[in-house]
Structures are given as C-alpha cells and as structure tokens.
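Every chain is numbered from 1 and lettered A, B, ... according to where its sequence line falls, protein lines coming before strand lines.
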Amino acid sequence: MEYNFREIEKKWQSKWKENNAYIVSNPINEEVAKPKFYVLDMFPYPSGAGLHVGHPLGYIASDIYSRYKRLKGFNVLHPMGFDSFGLPAEQYAIETGQHPADTTEKNIQRYHEQLDNIGFSFDWSREVKTSDPSYYKWTQYIFLQLFDSWYNRKKQKAERISQLVSIFQQEGNEGYPCPGNNRLKFTAADWKNYDEKSHYDILMHYRLAYLAFGEVNWCEALGTVLANDEVVNGVSERGGHPVEKKKLHQWYLRITEYADRLLQGLEQVDFSDAMKDMQKNWIGKSQGAEITFAIKNQPSSEKLVVYTTRPDTIFGVDFMVLAPELALVERITTPEQKEAVATYLEYVKSRSERERLAEVKSITGAFTGAYSVNPFDGREIPIWISEYVLAGYGTGAIMAVPCGDQRDYGFAKHFNIPITNIIGEHYNGEEANPTKEAVLQNSGFMNGMVMREAMNLAIDKLEEMEIGKRQVNYRMRDAGFSRQRYWGEPFPIIYQHGIPMPVAESVLPVELPHVDHYGPGPEGEGPLANIKEWVTVPSEKHGEASGMRETNTMPGYAGSSWYFLRYMDPHNDTAFVDRSIADYWGQVDLYIGGTEHAVGHLLYSRMWTKVLYDLDYIGFDEPYKKLVNQGMIQGSSRFIFRITPNINPEQLSKIAEPHAVFVTKSYRDKIQNDPNAIKELFIKVSAFSKNNLDIIELFGEDLECRLNDIHVDVSLVDGVDLNVETFRNSRTDYTLALFLMEDGKVIYPGIEFDDVNDKYICGAEVEKMSKSKYNVVNPDEIVNRFGADTFRMYEMFLGPVEQSKPWDTKGIEGVHRFLRKFWRLYVDEHKGLIVTNDEPTPAEFKILHKTIKKIEEDTERFSFNTAVSSFMIAVNELGDLKCHKRGILEPLLILLTPYAPHIAEELYQHLNTAQLTKSSVLDASYPVLEQKYLVESSKEYPVSVNGKVRTNLNISLDAAQANVEEIILENEIVKKWLDGKPPKKIIYVKGKMINVVI
RNA sequence: ACCCGGGUGGUGGAACUGGUAGACACGCAGGACUUAAAAUCCUGUUCCCCGCAACGGGAGUGACGGUUCAAUUCCGUUCCCGGGUACCA
C-alpha cells in the first residue's frame, strides 16, 4: 500500500464536508467549559486571476494554528469570507459589460475550489460576502449609527446625537468645541433661535459620519475620489493614474477624534513594532504650542496663529511663512507686494500634485510685505508665503527659525533673510541644527537655559500673556468615505430639501440597483446618478417627504471594517451580531494578514470597533489581540534574450518575417552593451535561417540589432534551463526560432538534440507574482503533483511566515519525501499496516517527547518552518530505529495533524480499524509531554575551559550531580589548567557541556 | 532625509534568555540496489592548510572597533538590501 495522496486527500476532503467536520457552534447557556479561540485571516478580494501560490501562506499558518488549538481543547472559530465589493470587478464590467455581481460570484466559486483543495478547516457555514445584501444591510446600519453619533471629548467616547442636542439645549456648545469648525460658538438661547436647517448644519459638524465640502484626491482616469492611502507618490495606487485636488461634497468619518485612543490602544495589542510604528507615524501625533502674533499696521482682530513644536526657539524667529491657500494672505499683502504675491499664487495653482512631490527640494516663495511682531522683544518679523507650508496641517502657518530648522535655513539663505543665532556654537553658519540640548542665547528671559527645559517655560509665559497655548496636532486626516462608483454599498441616505436624512432601519438594506452602464454620472457623480427612477424616492414610499438618494457608494474598507463581528453570528437578521454571542467570542485572538493593510483597513477597523464599543454594541474596543503579518511570496521570473533586427513596418512589407533569435545567458552577458557584438551574433546565428540571411543581405552594413530581455513562462523552464522544444511549440511564431546554446551550438528547426550538454540558460529575477510576468505558480498545480499536505508543509518549510521570499518549487521534493517516509513508518508497501503494540524503549520515548516539546514550542511561537524540520528529524531517527510502535506513532500522528491533516486522518483510520475507538484524529487530544524522557539526555558531558573544549575529558553528570564542582576540580587535567587558582565560575552550557571559567 | 526590519555555506534557512555556528532541506559529488529507469538507502559537502589516513591546525555569521572567560546574539561607527513615511513645522 503506497502513499496515494490524491486518493487520500480527495477522500478526506469530502468526508469533512459530509460530516460538517469544521462547523463551530456558538455555545450560549451551555455547560461546555471549552475556552474559545478566534483565529481570523484577512479575507481576500476575489480577483479574476484566482489564487496563486503566495495567497495561501497566511491561510496555512492560521489553519495550522487553529487545528493545533482545537487539539489543545479550545472551541476555535476559524471562518473565511470574501471582500467582494471593489474596483477591479467594476473596471472589468466597464470593459466587458459583465455585471460585477456575476463575475464576483464566479470568482468566489473559483476561490472556494482552490481553498478546498488545500484542506483548510474553515467553517464555511459562516461565510460572509461584503457585497451580499444580507451583509451590507448591516454595513449600512453601522454607518447610520456613526451618522447618529458624535465624540464627547470630555468623556472620551462616542455618544448619540440626541444627547448632544440636549446639551445644546441646556448649555449651548460651551465646553464642547466643534470639531468641524472650531470658531463656532453658541449659547443655549442661540440654539433655540436657530432654525431646523441650522440645527442640521451644526450637528453635521459633530457627527462621526458627516458630509462636508472638502478637498479630495480626485482621479480623473478612474472617475473617483481616493483615500489618502490609496494615493502613492501623487498617483493612484491602482493603475498609477494622476491624482489632483478637487473640491467635492463628500462623506467623511471623523477618525481624527479617535486619534488618541487609536494610539493608546496600540499599547494593549500584540502587533509587531513595525506595524505599531506605521500606525503611529500615520496618526502622527505631535506636541507643541499655538502662538498668536500681532500683525503690524493691521487691526487687532487680524492675528497670525502659528503652530510649533519648538516654542523655546521663539527668539530665533526670523520670518513667518504662510500656506499660499490661506485667506489671510490676501488681507495682509501690501499694495507694493500685490503683484509678486499674485504671480506666486498663480504659479502654485498651476503646479500639479505630482510636480510638487517631484521637486520637493526647490525653494520658492513670495514676500507679502506684512510684518508680525515678536511678543517678547517687539522685533518685526517679515511674513512670507511658500508652498512648503501645508494649509492642512496645524494652522497652516509657521514661525521660521533658520538656525534650528533645515527647511527654514534653506529658505532664509535663498531669499537672503538674516539669520539670528540662539544656540551659540551649536550653529555653525552652514546648516541648521535641530538640537534640544543647546544652551539658549539671545533669548531674553530664557537665556542660559537648556532648550529642552525652556520649552515649558515658554509655553507658560505665552499662556500667561494669553497669546498661546499647549496644542497637540495630528497628521492624520478624517477619512473620505464617498466613492463615485457603482460596485459598493449604497448610502442609506435620502436628501429631503437638501438635508441628508437617514433611511429608516426597517427598510434596510438599500439595495444596489441594476445598471446597464458603469460609466460615471453627471458632474463627477457615480454611475448610480444615471438611474433616475432609483434616485428619486416618491413620498409615498418614504413617508413624509419625497427625496433624492445619495448616489455615491461606500469605499472598500466599509465592509471590511467590521466583518470579524459578522462571522460570530452570520445569519442573524435582527442584529449585526447578538451581544451575548459577541461577548462569548470577543476579540480576534489571532489575526493573520499582509502588511499592506497596516494603515488602511486596520486603522478603520479599530476605529469602528471603538465606536461600537462606545455605543454599547460590543464589550471590547480593540478588534485584534494579536496580529501576525505574513510575508509576500514573490515570483521568480525567468528571462530569455532575443536579438531582433531593427526594421520598420514599411521595410518589413518587402521581405519575409525574420525568425526569432534567442541567445543563452552567457552570450547575453558578453554582448549586452555592445551594438556591434549584438549584430555579429545575430549574423552568426542567422546562418541557419534563410529569412534572416535575406535581411542581412538586404541591409548589409546598415543592419542594426537590439537585444531584449523577455519574460518567459516559468512552467517552460526547469531551474534556469529553458526547455527549448516545449518553448518553441508554445507559440506559433516561435516554431522556426533559432537558439544559441551555452556550448556555442545553434538549435534550428529540424535539428535533433544530440547532446544533453546543450543548455539554454535563462536569466532570473525576483519580482512580484503576476500574470504579466509569466511567473505565477498556481497552487492547484502543486497540489495535483505533490498533494495538499506536501504543499502545506512546504510553504511553511520555506522560511518564517513573516518573511517575504521567492517561490521556488525545487525544494518541495524534500518535504514530499518526508511524508512518504512518514507513511512508511506505519504502512509497508506489501504488508500493509505494520504498527505493533510493543512497548516502546526509553530511546524511542525520548524521540517522541523531544518532538512533542519542540513542535509545541514552535507552533506556539509561529515558527512553523523549524517545526517541520523537527518532524523530519523525528522521522529520520525513528526510521533508523525501525520503530513501528503504536505507543510512539499514534501521538506523533496527532502532532502532525495541524500540518498535514489528510495523511494524519488516513493513518489514524488505519490504526483505528486495527484497534482504536476514536473516530477521527480531529477529535483526538494533543499528546501529553512527559518530562522524564527529556531529562535523561546524554549522561556524558564534555568539559571545556573558558568556553573551549581543550581536553577529551567527559564527566558523567548523573554521578556528578551532587557535586559537579568537586569532581571537576579533582580532575587532573582540569587541575593542570587551573594551576592552583580557583575557577571563577562553573556553568552548564545548554545542558550539553560543562564550562570551567578560569 | 527620517523611522523600522534584515545581511550566516552553492541555495532556502537553523541557532528561543550571549555558551560546540551552519540544524533541517535543496543542490552537488561519490556509492549501494537495478538489465535500465524511477523509487529507496548510504557517505561526503563553510573555506584554507598539513597529512595516506586517523587525528590535527587556522580563518569564518557584510566591514571596522568595543564589552565579555565566551558575541550571529549586547554596544558604537560604517556599508549594502528590504519595508514604511515623505516639505507635518
């Protein structure tokens, strides 16, 4: 009986399905005291390309951990679903006219099959799809809760809008500064006098989901607004189209109100430092001060407010810089400077986002002619404008201290502004020094103080004079929540007389209507705007007034912000999750996914969780307890090298198409940058092609050739050796191609491969796995050749889960060999099952228990690659001992189950029919570790002196246990080394050796 | 530029709190079995030196320096690679 993995895996996969082996129950009021464990994968977007070998890496890791926890006696929730709203399906719809719902469904089917092939233990009964109305009903519902909430800064939590209204009625907004407009101040009496429209407008400035007229990242090519994290280097993340700023009415999430809690929450979760840093940087908290400066020759109402993190440097201020967009600019510019400022504003306007980013280094600006006054020494400070100051951060104005800030220094030098030195020799006159340790000079009341300490004094003084205050700033902006797209959640919002009103919860979901065209609507609106009959809601349908629907849809992160909650209670149609069930499952104990979601999804999801916690829907405010980031599996691309004569189409019409000429790598390396050599090689190889000879003759001396590196499908290459015959037959235009091989021979049509030494070597490079690079490896293919168990173990064996690495199929043989060896411990090809009931020897127990210890430790710390190695060692050692004893092999099988579940099930069943009572290895419990077999390790310990083994002296530890020191000291050889002096220390090295330190 | 992470054989990678560096696997070389192939098994495999061999010697974890009896591990400087951020005052 051989290890027939295809049969075994098929058999068990269908058995698992039939028996609902992985369905997990929600124990409510249940006597079961099983502790829960929630293992979650970042659910995939079902793209048309299907899964490649890189996708399952995280899923395999999470599956191993889930199965391991299950064996350890946990009730494990391990679900899977699909993030099925999104741009690619819509782009595809625009191109092909196929409805996104159809293509998405098709892709999901494909993903299902591919995932099932790998033998995952997902509970598919809990599958969620974000594009399913029964799911997005609740996405809309949660949006409405955000809409109906505001952030109470005093209590540091979200509350209902109704509570805000009663506050306004009693005390106005005194003490509740408006986050959307900090100058807004009103009393209770004012509030009573405002009309309904004003009430709405004011409340909108407080809502957690709000509508605002704001500058957005508009992408013309995609016809939509993009979030900040969807814009990379001034172009769209998807497709690399240019992005510009545009003013539009948009929905936003007031995530900035949660900035501090998002920051604090990081302390309580187990994320990698890198991940925490990324989020911290994104939030970008900075502490400093806001300082108000008077402006010369202006009414006292006209003030200049700057934000600085270094109030201690206020005596070093030599000029002010305003963001060009600031309204203040126009009001303070003097008549003499009007023209210069206007010219500069014109210039700023003309520059695209891209240009700005591209030339960060160039220094530009203009003088407004106005001066502000230093409140401490009365110095007059010129006010400039420049695009290096951003309108959106702080107050949009800075005080420039050239001796301490490099950008200010550059600006001062460029415009010849004199520089005041307040840090003595710390400033060398050639560059700014941002130190905080210098002793201040030329700084009035702060003279002689160390800057770090002067900071507080400066703020105290400013507060005393009522011209400044402590201020915390965040880099993070509120999150844009509108997309001018079709394939997303419609907003449950209807505008009545221009006022956005929530749709009644009873009529949710607002279903996405069918459209015939996916193109954008009028004036930058989404495709939904084209469906008049959907947009217009007659009064009878909606209650009191008729209205117009919101035509934007929600962004991709809407559905994924709360999906982990839906898995807990996926079929509930009265709540997005039942509170008691949410309390049972609680936080996700282990979340596995890629780093690419570090700031987007993870931050939004954390915010939503906090809001839902504040509103008392759930009992925890951090969604993910532990996060593991799996690395990317890159593709290993292969290149062939083609020499092509330069012929224009006109010339080509006169002659026959030339045959393709490919040269092997060593020739490519030789001729790479030498046009003459390329040409000569073309001529040499072309001796075997009539068409090519014709061309050479036609062009004569004028012939020019170029060399191209071309991606070749990795399936046509073995390592770096091109399979020339298969390659030639892969495309009709290559059937007559010529190949220059490593040994200098030319392969031309009709020639036989006379000699195995003829090799065509390809170039290799590690790149992202993608269809266009022909380096995609499909897991189905690997599973078909080696089996799912081999595939699972090999992906783990490749290296640490967190690490990115290129896929290389070559090493898979080793893992496959291991599984066959493993199989042979249990089953003989001819005799069948060969497991005996003999009592294992201590040596055999030692192997088992060493392995239990190792596997357990490695699995716990996600070191799956070393765990696989440990299995290999155990199998080798047991093989050497010819151990076929049940006492060893049955526990070993259970250990292997999380890693290779199919083979484990099969062998367990074999043991089962022979004797056992348990039905499935999945219900087995994890083998117990017996320490006694571990301690009796090697009895003979080598002795080293100062870490180096200098003698052949071995000491028996069992005998020496009572007094190791004495025995060692009495040893003649050691005595000689010690030379009469006492040893400094005697230590055991990892239980392997005794080290005497002299 | 700044903030993280990482540089170990021909390759992927082990070495968890400093303690025999290179586990395990691939590849390669040699051998056994076989008419042959596949499969399987065995031996060797960091580099250099001495030797017939056993044994032995030296160097070695990007580079230089430091702490330590002992450093891949800790500290400093520097180079290279990967990721993140990008005029954030």
Problem set entry | Nearest to side-chain heavy atoms of A/Asp880, which nucleotide of B/rC42, B/rA89, B/rA15 | B/rC42

Exercise. Does the distance from a Lys or Arg side-chain N to an Asp or Glu carboxylate O, for A/Lys853 and A/Glu857, drop under 4.0 Å?
Worked result: yes

For this session: Would you mind classifying the nucleic acid contact of A/Pro806 as base, sugar-phosphate or nothing, using non-hydrogen atoms under 4.0 angstrom?
Result: nothing

For this session: Select from A/Tyr474 and A/Lys821 the residue whose nearest nucleotide in RNA chain B is closer to the 5' end of that strand.
Result: A/Lys821

Problem set entry | Out of B/rA89, B/rC24, B/rU85, whichever nucleotide has its closest atom nearest the side chain of A/Arg475 | B/rU85

Problem set entry | Nearest-nucleotide pick for A/Trp282, side chain only, options being B/rC88, B/rA25, B/rU85 | B/rU85

For this session: Return the nearest nucleotide to the side chain of A/Pro800; candidates are B/rC4, B/rU40, B/rG13.
Result: B/rG13

For this session: Consider the side chain of A/Asp277, meaning its heavy atoms from C-beta on, and name the nucleotide among B/rC3, B/rA14, B/rC88 that approaches it most closely.
Result: B/rC3

Seminar exercise, completed: Between CD of A/Gln406 and P of B/rA89 the distance, given in whole Å, is 16 Å

Exercise. Does B/rU17 pair with anything, Watson-Crick or G-U wobble, both distances under 3.5 Å, and if so, with which nucleotide?
Worked result: none

Exercise. Given that A/Met872 and A/Asp858 both sit by RNA chain B, which one's nearest nucleotide is further toward the 5' end?
Worked result: A/Asp858

For this session: Give the nucleotide from the list B/rG13, B/rU40, B/rC16 with an atom nearest to the side chain of A/Arg824.
Result: B/rU40

For this session: Identify the nucleotide, in any strand shown, that forms a Watson-Crick or G-U wobble pair with B/rG10, with both distances under 3.5 Å; if there is none, say none.
Result: B/rC26

Problem set entry | Minimum-distance nucleotide to A/Arg820 side chain [options: B/rA15, B/rU40, B/rC24] | B/rU40

Exercise. Base, sugar-phosphate, or nothing for A/Asp405, non-hydrogen atoms under 4.0 angstrom?
Worked result: nothing

For this session: Give a yes or no on this: more than 12 heavy atoms of other residues, nucleotides or ligands lie within 6.0 Å of atom CZ of A/Arg470.
Result: yes

Problem set entry | Validation row, ring centre A/Trp807 to ring centre A/Tyr794 under 6.0 Å | yes

Problem set entry | A/Phe797, nearest nucleotide to its side chain (from B/rU40, B/rG13, B/rC24) | B/rC24

Problem set entry | G-U wobble or Watson-Crick pairing nucleotide for B/rC2 (cut-off 3.5 Å, both distances) | B/rG84

For this session: Over 60° means perpendicular and under 30° means parallel, so classify the ring planes of A/Tyr826 and A/Phe822, tilted if in between.
Result: tilted

Problem set entry | Watson-Crick or G-U wobble partner of B/rU73, both distances under 3.5 Å | none

For this session: Quick one: do A/Lys810 and A/Asp808 satisfy salt bridge (Lys or Arg N to Asp or Glu O under 4.0 Å)? Show the steps, please.
Result: CA-CA 6 Å; A/Lys810 278 229 151 158; A/Asp808 177 12; over 6 Å; no

